[in-house]
Amino acid sequence: MAFLDVSAIESAHLSPEFSFYLISIANATSTIGRVGGGVLSDKFGCLNVLIPSDIIVAAVTIVWPHCMTKVGLINVAVFYGLAYGSSVGLFGAAVADLGDPTDVGRRTVCHVSVLESYFTCIPLWLGMLYTIASVSALIGPPISGAIYHKSGGFQGVGIFAVDS
């Protein structure tokens, strides 16, 4: 959704003064999604909330390039923010839920610090997870920009974002 405001200007022909508010709307609703996703995951389980959230993110990302009105783009920003906030908030918690709590050795690297005199555990799986996710977050927007400039529209960008 890095191109939400750009698509509002170029495809939907909305004013630049309004288009940057779409990112603010998505960020504000993302806060609600993070808190709401955590509350729902306590009741229904992490993966039972994360999977539908990811499906909603994918659906909204596919629909986004076809929204050509102000109301449509506001709805995209709201639903994307709610679902994406839940996905981001539960991303690490789902990994922590996957293993047995007694099987800590496979999910963490532990060591004793002589200088600080305490035992610490560094989450290994979460580190690997966020390292891999950071690569896609780093290279995704430039590739999306190249797809937009080559195709001249945002439909290919939406498909690439869902596929990657």
Please find the pair of heavy atoms, one from [X] and one from [Y], that lie closest to each other, and give the distance.
X: Val157; Y: Ser144; result: CG2-O, 3.4 Å
X: Ala94; Y: Leu50; result: CB-CD2, 3.7 Å
X: Leu90; Y: Ser41; result: CD2-OG, 3.5 Å
X: Leu47; Y: Pro52; result: O-CD, 4.1 Å
X: Ser11; Y: Met68; result: O-SD, 3.6 Å
X: Ile147; Y: Gly156; result: CG2-C, 3.7 Å

### Query
After noting the C-alpha distance and the side-chain angles of Leu82 and Val78, does the key distance pass the side-chain contact (heavy atoms from CB on, under 4.5 Å) rule?
CA-CA 6 Å; Leu82 287 170; Val78 167; 4.1 Å; yes

For this session: Could you list the residues that satisfy side chain to side chain contact (heavy atoms under 4.5 Å, CB included) with Ala83, not counting sequence neighbours?
Result: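 Only Ile56, Val57 meet the side chain to side chain contact (heavy atoms under 4.5 Å, CB included) criterion with Ala83.
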
Side-chain donor/acceptor of Thr29 to backbone N/O of Ala26, under 3.5 Å
yes

Spacing of [X] atom [atom1] and [Y] atom [atom2] [to the nearest 0.5 Å]:
X: Ser136; Y: Ile143; atom1: OG; atom2: CD1; value: 9.5 Å
X: Ser30; Y: Ile23; atom1: OG; atom2: CD1; value: 11.5 Å
X: Ser15; Y: Phe20; atom1: OG; atom2: CZ; value: 9.0 Å
X: Asn27; Y: Tyr84; atom1: CG; atom2: OH; value: 9.5 Å

What about [X] and [Y], same hydrophobic cluster or not, with Ile/Leu/Val/Met/Phe/Trp/Tyr joined at side-chain heavy-atom distances under 4.5 Å?
X: Val88; Y: Val35; answer: no
X: Leu4; Y: Val162; answer: no
X: Ile55; Y: Ile62; answer: no
X: Phe3; Y: Val63; answer: no
X: Ile159; Y: Phe154; answer: no

* To do: Report yes if the side chains of Ile9 and Leu14 come closer than 4.5 Å at any heavy-atom pair, otherwise no.
  =>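 They are not in side-chain contact.
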
**OP:** Flag the pair Ser86 / Val49 as yes when at least one side-chain heavy-atom distance between them is below 4.5 Å, and no otherwise.
**Re:** yes

* Within a radius of less than 6.0 Å around CZ of Phe79, do more than 12 heavy atoms belonging to other residues, nucleotides or ligands occur? ->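 Open: at most 12 neighbouring heavy atoms sit under 6.0 Å from CZ of Phe79.
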
Q) More than 12 foreign heavy atoms under 6.0 Å from OH of Tyr21: is that the case here? A) no

Any pair counted as side-chain hydrogen bond (donor to acceptor under 3.5 Å, both in side chains), so long as it reaches residues 63-82, sequence neighbours left out |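 Residue pairs passing side-chain hydrogen bond (donor to acceptor under 3.5 Å, both in side chains), neighbours aside: Ser7-Trp64.
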
